[in-house]
Amino acid sequence: QVQLVESGGGLVQAGGSLRLSCAASGRTFSSYAMGWFRRAPGKEREFVAAISWSGGTTYYTDSVKGRFTISRDNAKNTVYLQMNSRKPEDTAVYYCAAARTGSIVVVTIIEGAYDHWGQGTQVTVSS
């Protein structure tokens with residue numbers, strides 16, 4: 001079982017930057033695609049970004065494209081979400097998740113495909 005722990009959440013002003021980290025346990029971390037999801041107050045959890053096991057393929061939801069960057073360091077068993085140009089609507093609890101993928105489909109936006117989830121970290125963007 002893969003254990004995921006998010007960190008780096010906090011308060012940032014609109015237009016500012018923040019980097020989230022997700023540390024994963026297990027020697028099979030490099031075999032997993034990783035994703036970031038978020039849940040804003042009163043809303044359902046939504047997909048934010050994903051990265052393939054190799055780090056060579058990334059995908060972002062339209063609302064964060066060009067502002068957020070997902071990356072991973074398999075040697076450190078860690079995935080990152082760099083968030084730039086933050087907007088108040090980015091305020092949410094952010095979750096990292098891990099999914100097993102194959103050689104054809106290497107990333108996924110489908111929540112049900114993710115087998116392991118972190119506890120979430122609160123991110124607040126002030127005006």
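The basis for the numbers below is simple: all heavy atoms, side chains too, and nothing from hydrogens, waters or symmetry mates.
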Got a second to check how far [X]'s [atom1] is from [Y]'s [atom2], nearest 0.5 Å?
X	Y	atom1	atom2	value
Arg39	Gln122	CZ	CD	12.0 Å
Cys22	His116	SG	NE2	11.5 Å
Thr121	Trp36	OG1	CH2	7.5 Å
Asp90	Ser63	CG	OG	7.0 Å

Assess the residue pair Glu6 and Leu4 against the criterion (side-chain contact (heavy atoms from CB on, under 4.5 Å)); give the C-alpha distance rounded to whole Å, side-chain angles, the decisive distance to 0.1 Å, and a yes or no.
CA-CA 7 Å; Glu6 302 97 337; Leu4 305 174; 5.6 Å; no
Throw together a table of side-chain donor-acceptor distances under 3.5 angstrom for residues 9-21, partners on residues two or more places apart or in other chains.
from: Ser17; atom 1: OG; to: Asn84; atom 2: OD1; distance (Å): 2.8

Side chains of Val125 and Met83: does their closest heavy-atom pair fall under 4.5 Å?
no
If we only count heavy atoms from C-beta on, is the Glu111 to Trp117 side-chain gap below 4.5 Å?
yes
Are Arg72 and Tyr80 in a cation-pi contact, defined as NZ or CZ under 6.0 Å from the six-membered ring centre and within 45° of the axis?
no
Output, in order, the C-alpha distance, side-chain angles, deciding distance and verdict of side-chain contact (heavy atoms from CB on, under 4.5 Å) for Thr91 and Arg86.
CA-CA 9 Å; Thr91 295; Arg86 294 297 303 269; 5.6 Å; no
Pairwise ring pair (Phe, Tyr, Trp, His ring centres under 6.0 Å) hits with a residue in residues 41-70, at least two apart:
Phe37-Phe47
Could you pull out the closest heavy-atom pair between [X] and [Y], with the gap in Å?
X	Y	value
Ile70	Thr58	CG2-CG2, 3.8 Å
Leu81	Ala49	CD1-CB, 4.2 Å
Val106	Ala33	O-CB, 3.5 Å
Met34	Ala98	SD-CB, 3.5 Å

Heavy atoms of other groups near Glu89 CD, more than 12 under 6.0 Å:
yes
Go through the steps for Thr108 and Tyr114 under the test side-chain contact (heavy atoms from CB on, under 4.5 Å), then give the verdict.
CA-CA 8 Å; Thr108 180; Tyr114 288 84; 3.6 Å; yes
Are Val48 and Ile109 co-members of a hydrophobic cluster defined by side-chain heavy atoms under 4.5 Å apart?
no
Taking Val64 as the starting point, is it possible to reach Val93 by hopping between hydrophobic residues whose side chains are less than 4.5 Å apart?
no
Closer than 4.0 angstrom, basic N to acidic O: yes or no for Lys65 and Asp62?
yes
Please report the C-alpha distance between Arg45 and Arg38 in whole Å, then the side-chain angles of each, then the deciding distance to 0.1 Å, and finally whether the side-chain contact (heavy atoms from CB on, under 4.5 Å) criterion is met.
CA-CA 5 Å; Arg45 186 162 57 189; Arg38 66 185 180 187; over 6 Å; no
